[in-house]
Amino acid sequence: MSKPPPPAETNDAPTASGLAKIVADRRAKRDRLRDEFGLDPYGHRVDGIVPLRDARAAFDAQADAVFRDGENAVREAKKAGTPEDQWPTPVDDRPVVRVAGRVMQHRVMGNLIFMSLRDHTGDLQVAVSKKAVGQPWFSIAKQVDLSDIVAVQGPVGMTNTGEVTVWAEPSAGVDPQGDPLSAAGLLLLTKSLAPPPGKHHGLTDPELRYRKRYVDLHTNPDVMQTMQQRTQIIDAMRDYLRGRGFVEVETPMLQTLHGGAAARPFATHHNALDLPLTLRIAPELYLKRLLVGGMTKVFEINRNFRNEGISPRHNPEFTMLEAYEAYGSWETMADLVEDMVCTIAEQVLGTLVIEHKSDEGEVTKTINLTRPWRRASMADLVEERTGWKFDQRSITKLKEKGIQACIRHYQAWEDREAQRFYGAAEGQHLVEWTPADPGYAARVFEGLADLSPAEQLTEVYEKLVEPTLIDPCFVTRVPSVIIPLAKKCADDPYFADVYELAINGVEISPGYTELNDPEIQEQNFRQQVGDDAEKQHVDEDFLEALRVGMPPAGGIGLGIDRLVMMLTGAESIRDVILFPLMKPQG
RNA sequence: GACCGGGUAGCUCAAUCGGUAGAGCAUCGGCCUUUUAAGCCGCUGGUUCUGGGUUCGAGUCCCAGCCCGGUCACCA
């Protein structure tokens with residue numbers, strides 16, 4: 001690569017553009033640190049650093065008051081003309097701390113500098129006084145740029161305006177080789193060469209936020225908090241499950257036969273074996289093999305991969321909890337999920353009433369997790385919401401009369417015939433229209449024409465009912481044809497013995513009474529309808545496992561990302577995933 | 001994949017009918033020992049996402065493409 005010739009020496013002012021100039025200025029400061037002050041602009045180990053929150057908590061009002069009184073006494077003695085050797089010595093019992101963080105604000109007031117530092121626990125102001133640190137440290141502090149990382153040692157005090165502040169102060173008689181921070185009072189630990197986002201609005205462009213999460217995290221404290229809460233939620237979940245005797249396991253992510261769900265997989269290849277593999281879409285069939293093997297309570301929290309569209313609720317890789325309990329059922333698992341989610345919410349948020357807020361701080365949605373959670377059949381919920389009474393045995397009637405009437409019904413509610421057909425009380429509005437799209441419900445019903453009754457029921461449920469289920473609701477009695485891995489209801493095999501838990505208008509968790517009859521399982525695999533790419537394959541080894549004998553069991557899946565969204569109020573799944581998938585920049 | 005909206009200085013945003021691309025903050029220089037969106041004075045900084053086209057003249061209008069967001073489809 002040939003370098004461009006160096007610019008000719010002229011008297012012209014440098015013509016670098018904004019970005020290039022900022023980087024060049026910062027490089028120059030970095031080089032000055034190295035050459036002029038003999039310092040490493042990328043720092044070294046510093047012991048004893050405490051989180052900024054802890055440093056703030058260390059503030060001692062009593063000691064601070066005594067110290068400030070002492071300083072005032074000195075000031076008065078000075079004013080009164082007392083000889084310097086007779087000035088009182090202020091008593092300073094303020095706690096001394098060592099802190100470090102990224103510089104978010106930098107205010108030079110002549111011979112006193114205030115900086116706001118930030119770490120993962122919050123912000124804290126530090127002050128560097130020329131008198132306290134002397135040269136060259138004051139000059140170095142003056143040159144600090146926004147986004148540099150600095151360390152400060154000194155007493156925790158308060159300013160005249162009441163801000164808790166660490167006042168940089170070297171310790172007397174310390175060997176700089178042994179502990180540079182004690183010797184100097186402050187250190188520049190890392191020079192930042194990149195231009196920081198504006199200090200008022202920060203980084204708001206969603207594209208930049210997701211692409212440069214490392215900037216987003218320290219620029220937007222909300223993001224840091226949400227990501228920390230995500231970790232706390234998962235920790236609480238593990239604690240809960242372990243406390244109930246569940247054992248965490250890891251099953252294959254690289255699979256020769258992907259199963260356990262209906263979704264298109266990511267394909268890959270093992271070179272040494274010349275073997276096509278897929279990334280798992282679900283761990284279900286392996287976890288069930290463990291029940292066959294004799295484990296009775298197992299769970300796995302890990303990533304699933306589905307080669308589907310991306311949306312505010314879908315990321316190609318997402319985190320899922322699956323748990324299985326031998327001798328359980330969908331009911332025992334529903335109890336478990338209900339208790340677990342409440343325990344997590346209490347532990348992490350301290351409340352069961354979750355409020356989602358707009359950027360302006362107004363409450364936009366309230367989710368009440370108070371137990372007991374509602375349990376209702378899918379057909380009942382659909383009828384309650386839309387007036388459509390599902391009847392699996394009157395397909396013709398539904399198709400020819402029902403759908404037409406539904407369409408009329410949703411186009412013009414005054415249609416008396418439609419009201420009579422659905423048995424709704426006069427004037428009763430069964431679906432709340434979305435003002436922006438009043439024709440939506442009618443289109444949903446129009447789209448049912450070519451579907452089977454089971455598909456019709458789930459379609460209406462998913463489009464018109466699920467989005468309205470904000471408080472938790474276990475939706476039961478789902479048509480069994482769409483759930484090949486669950487047992488059928490004993491009283492009506494048309495429905496499966498399962499729940500789908502909806503909270504915040506989305507499905508958070510399915511739970512099954514697991515199918516353990518190998519022959520019915522084989523039939524279900526072979527009878528599936530739909531897209532070949534999404535169909536579940538016949539997993540012969542899994543069938544063999546069932547033939548060996550799997551105890552009756554209950555099982556659940558739980559979408560961690562959606563749970564975190566629900567609990568933290570995030571509107572997009574990308575706001576709860578540190579590095580969501582993005583297309584490379586063009 | 002379809003439709004709608006967006007892309008202007010490092011960041012956040014303006015730019016009227018198609019007529020000289022601006023502001024605040026940041027940067028750079030100067031003053032200032034209790035500021036905190038510090039303040040005051042002065043100076044910089046632009047391939048208006050990319051490529052074509054129309055026009056005397058395009059950030060603005062037209063066409064194509066790229067990336068982001070939203071809705072739909074698919075799905076959890």
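What's counted below: heavy atoms across the whole structure, side chains too, no hydrogens, waters or symmetry copies. In what follows, every chain begins at residue 1, and chains take the letters A, B, ... in the order their sequences are listed.
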Hey, does [X] reach any base, or is it just sugar-phosphate, or nothing, if we go heavy atoms under 4.0 Å?
| X | answer |
| --- | --- |
| A/Asp205 | sugar-phosphate |
| A/Gly309 | base |
| A/Arg574 | sugar-phosphate |
| A/Asn307 | nothing |
| A/Pro510 | nothing |
| A/Ser129 | base |
| A/Gly557 | nothing |
| A/Lys212 | nothing |
| A/Glu507 | sugar-phosphate |

Rounded interatomic separation in angstrom, taking [atom1] from [X] and [atom2] from [N]:
| X | N | atom1 | atom2 | value |
| --- | --- | --- | --- | --- |
| A/Leu208 | B/C49 | CG | C1' | 13 Å |
| A/Leu112 | B/C31 | CG | C1' | 15 Å |
| A/Ile310 | B/C68 | CD1 | P | 8 Å |
| A/Trp137 | B/U33 | CH2 | C1' | 21 Å |
| A/His200 | B/A23 | NE2 | C1' | 13 Å |
| A/Gln125 | B/U35 | CD | C1' | 7 Å |
| A/Asp123 | B/A37 | CG | C1' | 13 Å |
| A/Phe114 | B/G39 | CZ | P | 15 Å |

OP1, OP2 of [N] versus side-chain N and O of [X]: anything below 4.0 Å?
| X | N | result |
| --- | --- | --- |
| A/Arg264 | B/C74 | no |
| A/Thr159 | B/U35 | no |
| A/Lys199 | B/C25 | no |
| A/Lys463 | B/A73 | yes |

Counting only heavy atoms not in [X], do more than 12 sit closer than 6.0 Å to its [atom1] atom?
| X | atom1 | value |
| --- | --- | --- |
| A/Glu571 | CD | no |
| A/Lys365 | NZ | yes |
| A/Arg53 | CZ | no |
| A/Arg303 | CZ | no |

Report the residues that fulfil side-chain contact (heavy atoms from CB on, under 4.5 Å) with [X], sequence neighbours left out, ordered by chain and then residue number.
| X | answer |
| --- | --- |
| A/Ala77 | A/Thr82, A/Trp87, A/Pro88 |
| A/Thr364 | A/His356, A/Ser358 |
| A/Asn302 | A/Glu250, A/Met253, A/Arg280, A/Glu300 |

Which residue lies more 5' along RNA chain B, comparing A/His201 with A/Leu146 via nearest heavy atoms
A/His201
If you pin A/Ser311 and A/Leu581 to their nearest nucleotides in RNA chain B, which one's is more 5'?
A/Leu581
In whole Å, measure the gap between the [atom1] atoms of [N] and [M] for me.
| N | M | atom1 | value |
| --- | --- | --- | --- |
| B/C63 | B/A76 | P | 39 Å |
| B/U44 | B/C56 | C1' | 33 Å |
| B/C4 | B/G65 | P | 13 Å |
| B/U27 | B/U20 | C1' | 26 Å |
| B/U60 | B/U71 | C1' | 27 Å |
| B/U8 | B/G51 | P | 16 Å |
| B/G30 | B/G22 | C1' | 26 Å |
| B/C25 | B/A64 | C1' | 37 Å |

For RNA chain B, which residues of residues 102-111 of chain A approach it to below 4.0 angstrom with any heavy atom?
A/Gln105, A/Arg107, A/Val108, A/Met109, A/Gly110, A/Asn111
Side chain of [X], heavy atoms from C-beta onward: which of [options] has the nearest atom to it?
| X | options | value |
| --- | --- | --- |
| A/Glu163 | B/U34, B/A76, B/U35 | B/U35 |
| A/Thr165 | B/U35, B/U34, B/C13 | B/U35 |
| A/Lys21 | B/C67, B/U27, B/G70 | B/U27 |
| A/Met582 | B/C68, B/A76, B/U34 | B/C68 |

Set of residues satisfying salt bridge (charged side-chain N to carboxylate O under 4.0 Å, His left out) with respect to A/Glu459, sequence neighbours excluded:
A/Lys463
Would you name the heavy atoms of A/Leu567 and A/Ile354 that are closest together and state the gap between them?
O-CG2, 3.7 Å
For B/C28, glycosidic torsion class - syn if within 90° of 0, otherwise anti
anti
With a 3.5 Å limit on both atom pairs, tell me what B/C31 is paired to, counting Watson-Crick and G-U wobble, or say none.
B/G39
B/C72 pairs with which nucleotide, Watson-Crick or G-U wobble, both distances below 3.5 Å?
B/G1
Would you please name every residue forming a side chain to side chain donor-acceptor pair (under 3.5 Å) with A/Asp123, sequence neighbours left out?
A/Arg118
Lys/Arg N to Asp/Glu carboxylate O, A/Lys21 vs A/Asp25, below 4.0 Å:
yes
